[in-house]
S.K.: 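Below is the structure I would like to discuss, written out as structure tokens.
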Amino acid sequence: MLALVYDSLTGNVRRFAQQVAGEAGAKAPLSARLDAPEGPFLLLTYTFGTGDVPGSTRAFLDRHGPLLRGVVASGSYHWGVNFARAADVIAAEYGVPVVARINKGGTAADRAQVVAWLRDRPIEAPSSPSSSLPVARRHPWNPGSN
């Protein structure tokens, strides 16, 4: 199973990641601020401000982005079109799927969705530094014309 890596400001994403790990039978989630994944991972992060990717998440992805396989983002419904927008930005930049967008700490249905996605993933062979993992693609977000 993929490793879970979270970045949390208020604790909502950390608790969600811990609950997903428990329900999926996965190892304890890693902190994007303190740990380094040893292989492919699912990122769980929050959305900052009015739809931005947190600086701590960006710094983590700058170092470990090639191992990213999917993203979950938290936000608040009151942000409207910017709700959990960090997921969309990261998915576009790294060419990975948005697994879920959760409101604040998420729900049981959100956890079930993420657990199901994790269980459907094929097990990947451990990678070595010389392996040919995809290179992170950075494409700035463009809101389009209004």
Side-chain angles (χ1 to χ4, degrees), residues 1-121 124 127 129 131-146:
M1 184 170 292
L2 291 177
L4 301 176
V5 177
Y6 70 89
D7 192 3
S8 186
L9 181 64
T10 63
N12 285 334
V13 177
R14 177 183 47 82
R15 285 187 295 277
F16 183 82
Q18 290 170 334
Q19 292 169 335
V20 166
E23 292 176 21
K27 291 181 182 179
L30 304 172
S31 167
R33 297 173 190 224
L34 303 172
D35 304 309
E38 295 179 3
F41 65 90
L42 171 65
L43 176 66
L44 301 95
T45 190
Y46 61 101
T47 301
F48 190 74
T50 56
D52 298 326
V53 175
S56 52
T57 299
R58 284 222 178 266
F60 175 82
L61 288 170
D62 285 346
R63 293 185 313 273
H64 306 289
L67 297 171
L68 180 65
R69 296 297 182 267
V71 62
V72 173
S74 173
S76 178
Y77 286 143
H78 79 269
W79 289 345
V81 297
N82 290 322
F83 166 68
R85 185 174 154 260
D88 300 315
V89 173
I90 292 168
E93 288 178 6
Y94 290 88
V96 299
V98 173
V99 176
R101 291 173 193 84
I102 64 172
N103 186 52
K104 300 179 183 174
T107 64
D110 294 327
R111 290 191 307 273
Q113 179 180 341
V114 175
V115 168
W117 185 87
L118 285 166
R119 289 187 174 150
D120 287 345
R121 300 286 63 79
E124 296 185 38
S127 61
S131 70
S132 57
L133 290 172
V135 175
R137 294 180 293 267
R138 290 234 173 193
H139 302 288
W141 180 74
N142 182 345
S145 59
N146 292 327

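When reading the values below, keep in mind they use all heavy atoms of this one structure, side chains included, and skip hydrogens, waters and symmetry mates.
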S.K.: Could you measure the distance from the CG atom of Leu67 to the CG atom of Leu2? Nearest 0.5 Å is fine.
M.R.: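 One finds 10.5 Å between CG of Leu67 and CG of Leu2.
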S.K.: Can you name the closest pair of heavy atoms from Val98 and Ala91 and give their distance?
M.R.: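 For Val98 versus Ala91, the nearest heavy atoms are CG2-CB, 3.5 Å.
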S.K.: A side-chain contact here means heavy atoms from C-beta on lying under 4.5 Å apart; do Phe16 and Ile102 qualify?
M.R.: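 Yes, at least one pair of side-chain atoms sits under 4.5 Å.
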S.K.: Mind listing the closest non-hydrogen atom pair of Ala32 and Arg63 along with its distance?
M.R.: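 Distance-wise, the nearest heavy atoms are O-NH2, 3.9 Å.
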S.K.: For the side chain to side chain contact (heavy atoms under 4.5 Å, CB included) test, which of Val72, Val115, Leu42 pairs with Val20?
M.R.: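 Output: one option passes, namely Val115.
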S.K.: Can you classify the ring geometry of Tyr77 versus Phe83 as parallel (below 30°), tilted (30 to 60°) or perpendicular (above 60°)?
M.R.: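 Tyr77 and Phe83: tilted rings.
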S.K.: Could you tell me which non-hydrogen atom of Thr47 sits nearest to which non-hydrogen atom of Trp79, and how far apart they are?
M.R.: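 Looking at all heavy atoms of both residues, the shortest contact is O-CH2, 3.2 Å.
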S.K.: Evaluate the ring planes of Phe60 and His64, with Trp represented by its six-membered ring, and classify them as parallel (under 30°), tilted (30 to 60°) or perpendicular (over 60°).
M.R.: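 Tilted, since the angle between the ring planes falls between 30° and 60°.
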S.K.: Measure the shortest side-chain to side-chain distance between Arg85 and Asp52 over non-hydrogen atoms and say whether it is less than 4.5 angstrom.
M.R.: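 They are in contact (side-chain heavy atoms under 4.5 Å apart), so the answer is yes.
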S.K.: Taking all non-hydrogen atoms of both residues into account, name the closest pair between Val53 and Arg58 and its distance.
M.R.: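 Closest pair (atom of Val53, atom of Arg58, distance): CG1-CG, 3.6 Å.
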S.K.: With a 4.5 Å limit on heavy-atom distance, are the side chains of Val13 and Thr45 in contact?
M.R.: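 Sidechains of Thr45 and Val13: no contact.
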S.K.: Looking at CG of Leu9 and OH of Tyr46, how far apart are the two atoms once the value is rounded to the nearest 0.5 Å?
M.R.: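 Atom-to-atom, Leu9:CG and Tyr46:OH are 4.5 Å apart.
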S.K.: Would you please test Asp35 and Val5 for side-chain contact (heavy atoms from CB on, under 4.5 Å) and show each step?
M.R.: CA-CA 8 Å; Asp35 304 309; Val5 177; over 6 Å; no
S.K.: Could you tell me if the side chain of Leu118 sits less than 4.5 Å from the side chain of Leu4, heavy atoms only?
M.R.: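 Result yes, sub-4.5 Å side-chain heavy-atom pair found.
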S.K.: If every non-hydrogen atom of Glu23 is compared with every non-hydrogen atom of Arg119, which pair is closest and at what distance?
M.R.: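 Where Glu23 meets Arg119 most closely, the heavy atoms are O-NH2, 2.9 Å.
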S.K.: Can you list every side-chain hydrogen bond (donor to acceptor under 3.5 Å, both in side chains) pair that touches residues 1-12, not counting sequence neighbours?
M.R.: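 Output for this query lists Asp7-Arg33, Asp7-Ser56, Asp7-Thr57, Thr10-Asn12, Asn12-Arg15.
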S.K.: Using the rule given for side-chain contact (heavy atoms from CB on, under 4.5 Å), can you reason through Leu43 versus Val96, listing the C-alpha separation, both sets of side-chain angles and the distance that settles it, and then say yes or no?
M.R.: CA-CA 10 Å; Leu43 176 66; Val96 299; over 6 Å; no
S.K.: Considering non-hydrogen atoms only, spot the tightest contact between Lys104 and Ser74 and give its length.
M.R.: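 That would be O-OG, 2.7 Å.
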